[in-house]
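Predicted model only: the values in this text are computed from it and were never measured.
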Amino acid sequence: VTYYVSTGGDDDNDGLTEQTPWQTLEYAEANAAAAGARVALKRGDVFAMATALGIHHGGTAGEPIVWDGDFWGTGGKATIRSSQDREAPEKAVVNIIGASHIVFQNIVVDGNGTNAFGIVIGGTDSYYSQDGYQDSETDIIVQNNSILNCGDVNSDPDYYVIAVLIQTWNSDMWDVTFRDNVVDTAANHGVAAYVGRAEHLATPSTLHNMQMYRNTVTNFGISGQSRSSGMLFAQSVVDGVIECNTITQGTDSLEGAAIVVAGIEEGTPQNAVIRYNDIRMRDKPGFEIQNGYAPSATVYGNLIYLEDTPGNAAVWIQEPTVSSDYTDGEATAHLVFLHNTIVLDQGTAFMDDSSTSGVTVFRNNLVVNRGSATYDDVCYVASLAASATHDHNACYRPQPGEVALAKELDPGNGYVYRSEVSDWEATMVIDDPLLADLDGFDWVPLKDSPVRQRGVAAGILLDRNGAPFATPPSIGAY
């Protein structure tokens with residue numbers, strides 16, 4: 001059954017035809033509650049709301065309840081817009097909570113510069129929507145939406161707004177998919193999978209199979225607070241995937257890495273896969289691992305560009321805040337970087353601040369650093385030489401002379417210069433990789449490129465275009 005909703009309708013209608021639509025989203029949510037129902041918002045309509053739309057009814061496996069803003073009428077996709085600043089229990093524009101088997105698609109969710117979160121799946125009880133209770137949500141798909149203008153520039157340290165939040169609070173959640181959406185402008189995080197913490201009175205739980213595909217995210221961290229990012233896996237996010245997204249810092253972004261994986265003592269991201277993303281940043285990291293506590297991630301096929309990274313790096317494994325470090329006492333690699341292409345105009349490309357041996361594998365990566373500083377604009381930095389296994393990489397610095405390509409601080413190998421790099425990594429390629437158009441972001445190696453078939457088999461079968469790697473594979477994402 002399709003139920004029609006329009007700002008020009010009437011809740012006394014039956015909602016079953018385009019001529020007899022309901023008027024309010026709250027009435028539609030309460031009454032289109034049967035499995036398989038479609039709630040069709042009229043194209044071109046703007047539903048201005050001072051309170052949260054709490055979606056508390058779901059469908060069943062194979063028969064979800066579908067919310068759709070592009071099914072009938074004329075004009076652009078239907079819009080749900082915040083009309084004022086929010087406080088609990090109405091903190092979200094849309095809160096999907098206490099329900100499973102839901103598709104939310106083709107809708108503009110506009111925070112309108114207010115302090116409202118855009119879309120929240122799960123979350124704190126009765127905080128993001130009235131009477132919302134997080135309870136084992138599963139099979140939630142959010143697709144083809146635009147989530148815009150969540151928060152503004154605010155110096156208050158307690159001000160905190162996320163465009164899209166997926167959060168456990170009482171129990172585990174499963175199979176949440178966020179794909180083909182546009183996220184533009186967030187005070188803090190663009191998209192955050194953030195598991196509730198005991199210190200905030202949540203029951204530590206797990207978010208299983210969180211999938212983020214083919215989204216475009218920009219202008220996050222406009223408040224200037226460090227607790228910001230484009231996309232985030234925090235705490236017990238297990239088997240999550242961040243794939244084929246386009247993430248840019250944007251003209252208004254002040255803080256936050258493009259992608260962040262972070263753990264704490266009571267929960268860590270496990271088996272994260274970060275692949276085939278296109279990341280372009282001005283002065284903040286493209287990818288960042290935080291804290292320690294044994295987060296694990298496989299990162300491959302990504303394109304990462306940084307214009308300038310003073311004090312940061314294109315890829316940054318931060319110094320751990322705990323003694324257990326990233327391996328939690330295990331001497332096996334947890335962070336694996338394969339077949340990425342990293343280009344920067346100034347700064348450090350890859351920085352490993354871990355202090356435990358065997359944390360990282362860095363293999364088949366292509367780095368181009370166009371910085372002019374002899375010592376500071378290096379391709380690879382390790383605080384502990386033994387923290388990473390590195391081989392079959394390409395590090396190219398166009399700057400002439402005896403410039404440093406790498407730096408290891410402990411033990412005291414110091415800088416690794418062009419003339420001695422083969423002693424440091426025998427399989428290193430240091431010649432111009434001959435990419436098709438470096439400035440135009442076409443980073444496919446040309447026919448005569450020295451990185452072609454200079455890598456080693458690493459378990460990655462397809463490049464970022466879906467083409468099979470040769471044997472042996474090329475270095476980089478293509």
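- Taking the six-membered ring for Trp and the full ring otherwise, the centers of Tyr478 and Trp443 sit at least 6.0 Å from each other.
- Contact annotation: the side chain of Val94 approaches that of Ile55 to within less than 4.5 Å [non-hydrogen atoms, C-beta and beyond].
- Smallest separation of non-hydrogen atoms from Val237 and Ala193: CG2-O, 3.7 Å.
- With values rounded to the nearest 0.5 angstrom, Ile102 atom CD1 is found 8.5 Å from Glu137 atom CD.
- In this structure, Asn365 contributes its side chain and Phe337 its backbone to a donor-acceptor pair below 3.5 Å.
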Could you check Glu29 against His57 for side chain to side chain donor-acceptor pair (under 3.5 Å), going step by step and ending with a plain yes or no?
CA-CA 7 Å; Glu29 199 286 325; His57 292 93; 2.9 Å; yes
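- A donor-acceptor contact closer than 3.5 angstrom links the side chains of Asp352 and Ser387.
- Rounded to the nearest 0.5 angstrom, Thr60 OG1 and Asp139 CG are separated by 9.5 Å.
- Counting only heavy atoms from C-beta outward, the side chains of Asp70 and Arg43 approach each other to under 4.5 Å.
- If you check the side chains of Asp85 and Thr114, you find no donor sitting under 3.5 Å from an acceptor.
- One distance of note links CD of Gln105 with CG of Asn145; it measures 8.0 Å at 0.5 Å rounding.
- Residues Tyr128 and Ile97 have side chains not in contact (no heavy-atom distance under 4.5 Å, counting atoms from C-beta outward).
- Side-chain contact annotation: Ser6 with Asp45, donor-acceptor N/O pair under 3.5 Å present.
- In terms of modelled atom types and a separation under 3.5 Å, the side chain of Asn277 and the main chain of Arg275 share a donor-acceptor contact.
- Looking only at side-chain heavy atoms (C-beta outward), Asp184 and Asn219 come within less than 4.5 Å of each other.
- Using modelled atom types, no side-chain atom of Asn245 and backbone atom of Ile247 make a donor-acceptor pair closer than 3.5 Å.
- Looking only at side-chain heavy atoms (C-beta outward), Ile279 and Tyr305 stay at 4.5 Å or farther from each other.
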Walk me through whether Val361 and Leu335 qualify under side chain to side chain contact (heavy atoms under 4.5 Å, CB included).
CA-CA 6 Å; Val361 171; Leu335 308 172; over 6 Å; no
Walk me through it: do Asn149 and Asp110 pass the test side chain to side chain donor-acceptor pair (under 3.5 Å)?
CA-CA 6 Å; Asn149 308 315; Asp110 184 6; 3.1 Å; yes
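- For the 3.5 Å distance criterion, the side chains of His339 and Asp463 fail to qualify, holding no donor opposite an acceptor.
- Proximity of a side-chain donor or acceptor of Asn115 to a complementary backbone N or O of Tyr159 within less than 3.5 Å is not detected.
- Looking at His189 and Phe220, their side chains never come closer than 4.5 Å, going by heavy atoms from C-beta outward.
- Classification of Asp180 and Arg214 as a salt-bridged pair holds, one side-chain N sitting under 4.0 Å from a carboxylate O.
- With rounding to the nearest 0.5 Å, the separation of CG in Asp11 from CG in Asn13 is 8.0 Å.
- Using a 4.5 Å heavy-atom cutoff, the side chains of Phe178 and Tyr213 are not in contact.
- Ring to ring, Trp22 and Tyr3 are close: their centroids are under 6.0 angstrom apart.
- In this structure, the side chain of Asn95 does not engage the main chain of Gly54 through any donor-acceptor pair within 3.5 Å.
- Between Glu255 and Lys284, at least one side-chain N (NZ, or NE/NH1/NH2) sits under 4.0 Å from a carboxylate O, which counts as a salt bridge.
- For Ser171 and Ser205, the side-chain atoms include no donor-acceptor pair closer than 3.5 Å.
- In this structure, Tyr133 has its ring center at least 6.0 angstrom away from the ring center of His56.
- Between the side chains of Gln270 and Thr268, at least one donor N or O sits under 3.5 Å from an acceptor N or O.
- Side-chain atoms of Arg197 do not come within 3.5 Å of backbone N or O of Pro204 as any donor-acceptor pair.
- Side-chain contact between Asn364 and Pro473: present, with at least one pair of heavy atoms (C-beta onward) separated by less than 4.5 Å.
- Distance alone, capped at 3.5 Å, is enough to place a donor-acceptor pair between the Ser83 side chain and the Ala50 backbone.
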Determine whether Thr203 and Asn170 satisfy the following criterion, side chain to side chain donor-acceptor pair (under 3.5 Å), listing intermediate values before the conclusion.
CA-CA 5 Å; Thr203 300; Asn170 302 310; 5.0 Å; no
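- Panel note: side chain Lys77, backbone Asn144; a donor-acceptor pair is recorded below 3.5 Å.
- If you check the side chains of Asn209 and Asp239, you find no donor sitting under 3.5 Å from an acceptor.
- A ring-centre distance under 6.0 Å is found for Tyr300 and Tyr276.
- Here the rule is side chain to side chain contact (heavy atoms under 4.5 Å, CB included) with Met49, and of Val93, Ile80, Thr24 only Ile80 fits it.
- Classification of Asp308 and Arg282 as a salt-bridged pair fails, no side-chain N sitting under 4.0 Å from a carboxylate O.
- For the atom pair Phe287 CZ and Ser229 OG, the distance stands at 11.5 Å (nearest 0.5 Å).
- Taking OG from Ser383 and CD from Gln318, the interatomic distance works out to 11.5 Å, rounded to the nearest 0.5 Å.
- Between the Thr124 side chain and the Tyr127 main chain, no donor and acceptor come within less than 3.5 Å of each other.
- With hydrogens and angles ignored, the 3.5 Å screen pairs no side-chain donor or acceptor of Asn154 with any backbone N or O of Asp152.
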Run Ile242 and Ile259 through side chain to side chain contact (heavy atoms under 4.5 Å, CB included) and show every step you take.
CA-CA 9 Å; Ile242 298 177; Ile259 297 176; 3.9 Å; yes
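- Between the side chains of Gln225 and Asn188, at least one donor N or O lies within less than 3.5 Å of an accepting N or O.
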Starting from the C-alpha separation in whole Å, work towards a yes-or-no answer on side chain to side chain contact (heavy atoms under 4.5 Å, CB included) for Met231 and Met212.
CA-CA 9 Å; Met231 288 185 160; Met212 301 180 183; 3.9 Å; yes
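- Side-chain N/O atoms of Thr246 and Thr216 include no donor and acceptor closer than 3.5 Å.
- In summary, Asp278 and Arg280 engage in a salt bridge, as defined by a charged side-chain N under 4.0 Å from a carboxylate O.
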Stepwise side chain to side chain donor-acceptor pair (under 3.5 Å) test for Asp172 and His208:
CA-CA 8 Å; Asp172 289 3; His208 303 267; 3.2 Å; yes
